[in-house]
Amino acid sequence: MKATLFKLGLGLVIVGIVWISLVFDETEKIHDSSLLKQSSSLKLESEFTGEDIGFYKVYMPEFTGEEIFVQILDTSDNIIKEQKIQTKMSVGYFDFDTDGSYTVKITNISKNPVSLQVEFGSTNSQKMIPAGILILVGAVVIMAMSYMKIKNYNIEQPDENIS
């Protein structure tokens, strides 16, 4: 099998995608499942260091239109993000820049009890930069090689004045 620049670019993209998924998989995150009654809350805390992007994922397996309210609190209990969720699954991101314990507070604002699963942690986005550059280089190589192949492609056209 002959190695071409197109295949090299495709290989770089695939390696970059696998690298990013491995970095995201090894992040520290906490999970919890709970049944929230009306007006009750759930709090999860996690330690973050450095400057990065945090995430939370809320999943309601038996979703029937309930609403929950999510708040992200920093180390001083200041609200840095809040969101009302009315979907079966929601993922949110927030920036943090100081070391310490960050909290996600989830409150049931519907009239029915809500069963939910929560995941809270850091994305480790700083470790994904080299893999992102690898994907970018691979994508540029793929586009350049595709352009070169299309540019040299000729379609035979029939003569207009055959008479």
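All values below come from the heavy atoms of this structure, side chains included, with hydrogens, waters and symmetry mates left out. Keep in mind that this is a model prediction, so the values were computed, not measured.
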Any side-chain heavy-atom pair of [X] and [Y] under 4.5 Å:
| X | Y | answer |
| --- | --- | --- |
| Phe94 | Ile53 | no |
| Leu10 | Ile142 | yes |
| Ser122 | Thr27 | no |
| Ile20 | Ile135 | yes |
| Lys127 | Glu26 | yes |
| Phe69 | Ile106 | no |
| Val70 | Ile85 | yes |
| Gln117 | Pro61 | yes |

Minimal non-hydrogen separation, [X] against [Y], with atom names:
| X | Y | answer |
| --- | --- | --- |
| Asp97 | Tyr102 | N-OH, 3.9 Å |
| Trp19 | Leu134 | CE3-CD2, 4.1 Å |
| Val13 | Ala139 | CG2-N, 3.6 Å |
| Pro113 | Glu66 | O-OE2, 4.3 Å |
| Asp99 | Thr75 | O-CG2, 3.7 Å |
| Val118 | Leu42 | CG2-CD2, 4.0 Å |

Separation of [Y] [atom2] from [X] [atom1] (nearest 0.5 Å):
| X | Y | atom1 | atom2 | answer |
| --- | --- | --- | --- | --- |
| Lys7 | Leu12 | NZ | CG | 14.5 Å |
| Thr107 | Lys43 | OG1 | NZ | 9.0 Å |
| Ser34 | Asn108 | OG | CG | 10.0 Å |
| Ser110 | Ile68 | OG | CD1 | 9.0 Å |
| Leu44 | Ile30 | CG | CD1 | 4.5 Å |
| Glu119 | His31 | CD | NE2 | 4.5 Å |

Around atom [atom1] of [X], are there more than 12 heavy atoms from other residues, nucleotides or ligands closer than 6.0 Å?
| X | atom1 | result |
| --- | --- | --- |
| Glu82 | CD | yes |
| Gln83 | CD | yes |
| Lys29 | NZ | yes |

Kindly determine whether Leu73 and Ile79 satisfy side-chain contact (heavy atoms from CB on, under 4.5 Å), including the steps that lead there. CA-CA 5 Å; Leu73 309 170; Ile79 298 171; 3.5 Å; yes
Could you please spell out the steps behind the side-chain hydrogen bond (donor to acceptor under 3.5 Å, both in side chains) verdict for Thr49 and Glu47? CA-CA 7 Å; Thr49 57; Glu47 289 289 324; over 6 Å; no
Is there a side-chain contact (heavy atoms from CB on, under 4.5 Å) between Tyr56 and Lys81? Walk through the geometry before answering. CA-CA 11 Å; Tyr56 60 90; Lys81 180 168 180 156; 3.6 Å; yes
Evaluate the ring planes of Phe48 and Phe96, with Trp represented by its six-membered ring, and classify them as parallel (under 30°), tilted (30 to 60°) or perpendicular (over 60°). parallel
What orientation do Phe24 and Phe55 show, parallel under 30°, tilted 30 to 60°, or perpendicular over 60°? tilted
Can Thr4 and Met145 be said to form a side-chain contact (heavy atoms from CB on, under 4.5 Å), step by step? CA-CA 9 Å; Thr4 63; Met145 293 312 299; over 6 Å; no
Would you please test Ser101 and Glu45 for side-chain hydrogen bond (donor to acceptor under 3.5 Å, both in side chains) and show each step? CA-CA 6 Å; Ser101 181; Glu45 284 189 25; 2.9 Å; yes
